[in-house]
Amino acid sequence: FNNVTVRVVADLEVTLSGPTQVTAGNLNDYTYTYSVCNNGRSNALGVTVNWTFPEELQFSGPVQINTASPNPIDPVPQCTQDATTGKIECFGFNLPTPSDNPNDGLPCQTFSVTVLVASTAQGPTGGPVFIDGYATSDVFDRDSGNNNRTYEVQVNVIADIRVTKSGVLSVTAGAPVQTGDRVTIY
């Protein structure tokens, strides 16, 4: 008799989605979704996902977990959200394989987390910031290159300046502001 070793193989794939541009200081909510899909031929056991936000994007709501795509995930993931470090971690769950037959067209089992953030960036310049995400499993991953994603978000700085001149009923276009004129900048 020959011994045959069968290797259990998963293939986690991470995607990040959400706005690619935010406005500095805009406290309106921006929605970002982190998804992990198991494309492998075996169940991904002991899955952990991590998602880190830059300090310019602060959490403005709790993590929302979607575990039912296309079937409920068991056990239900546990997630923590740390506003100080900008990190979300979900752990303690398994992602089943899409099916026994990869050619049957069934979608992969997906776990996703959605979070609302507000742009708290301050200062005279904008620029890109980065959201990083990665997933791991206790099962060998045949393509670990798709387990990590970095999502670039452009922070736009918009000035809202208004100059008003008081005390004079008529102003000549292009005339300079004089000493003693009241100037209000918004």
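Bear in mind the structure is a predicted one, so any value in this text is a computation, not a measurement.
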For residues [X] and [Y], determine if any side-chain heavy atom of one lies less than 4.5 Å from a side-chain heavy atom of the other.
{"X": "Val49", "Y": "Trp51", "result": "no"}
{"X": "Val36", "Y": "Leu95", "result": "yes"}
{"X": "Asn94", "Y": "Pro75", "result": "yes"}
{"X": "Lys87", "Y": "Thr84", "result": "no"}
{"X": "Val14", "Y": "Ser35", "result": "no"}

Would you name the heavy atoms of [X] and [Y] that are closest together and state the gap between them?
{"X": "Pro62", "Y": "Gln81", "result": "CA-OE1, 3.5 Å"}
{"X": "Val8", "Y": "Ser42", "result": "CG1-CB, 3.2 Å"}
{"X": "Glu152", "Y": "Pro128", "result": "OE2-CB, 3.4 Å"}
{"X": "Cys90", "Y": "Val113", "result": "SG-CG2, 3.7 Å"}

query: With ILVMFWY side chains joined below 4.5 Å, transitively, what does Val9's cluster contain besides itself?
result: Phe140
Thr33-Ser112 side chain donor-acceptor pair, cut-off 3.5 Å: no
task: With sequence neighbours excluded, tell me which residues meet salt bridge (charged side-chain N to carboxylate O under 4.0 Å, His left out) with Asp141.
output: none
Which donor-acceptor pairs under 3.5 Å do side chains of residues 129-139 form with protein atoms, sequence neighbours excluded?
| unit_1 | atom_1 | unit_2 | atom_2 | d |
| --- | --- | --- | --- | --- |
| Asp132 | OD1 | Thr150 | OG1 | 2.8 |
| Tyr134 | OH | Asn50 | ND2 | 3.2 |
| Ser137 | OG | Leu45 | N | 3.4 |
| Ser137 | OG | Leu45 | O | 3.0 |
| Ser137 | OG | Val139 | N | 3.0 |

message: What verdict does the side chain to side chain contact (heavy atoms under 4.5 Å, CB included) test give for Cys79 and Ile65, after you've listed the backbone C-alpha separation in whole Å, the side-chain angles of each residue and the deciding distance to 0.1 Å?
response: CA-CA 8 Å; Cys79 292; Ile65 302 170; 3.4 Å; yes
query: Say you draw a straight line from CG of Asn43 to CG of Asn38; how long is it, rounded to the nearest 0.5 Å?
result: 7.0 Å
task: Please round to the nearest 0.5 Å and tell me the distance separating atom CG of Asn147 and atom CG of Leu12.
output: 5.0 Å
- request: Kindly state each residue pair satisfying salt bridge (Lys or Arg N to Asp or Glu O under 4.0 Å) with at least one member in residues 11-25, sequence neighbours excluded.
  value: Asp11-Arg142
task: Measure up the Tyr32 and Tyr151 rings against each other and bin them: parallel (under 30°), tilted (30 to 60°), perpendicular (over 60°).
output: perpendicular
- prompt: Going hydrophobic residue to hydrophobic residue with side-chain gaps under 4.5 angstrom, can you get from Leu116 over to Ile88?
  reply: no
task: Kindly write out the residues that satisfy ring-ring contact (aromatic ring centres under 6.0 Å, His included) with Phe59, not counting sequence neighbours, or none if the list is empty.
output: Phe53
- prompt: Under the side-chain contact (heavy atoms from CB on, under 4.5 Å) test, which residues partner Phe91, sequence neighbours left out?
  reply: Thr48, Gln78, Thr80, Glu89
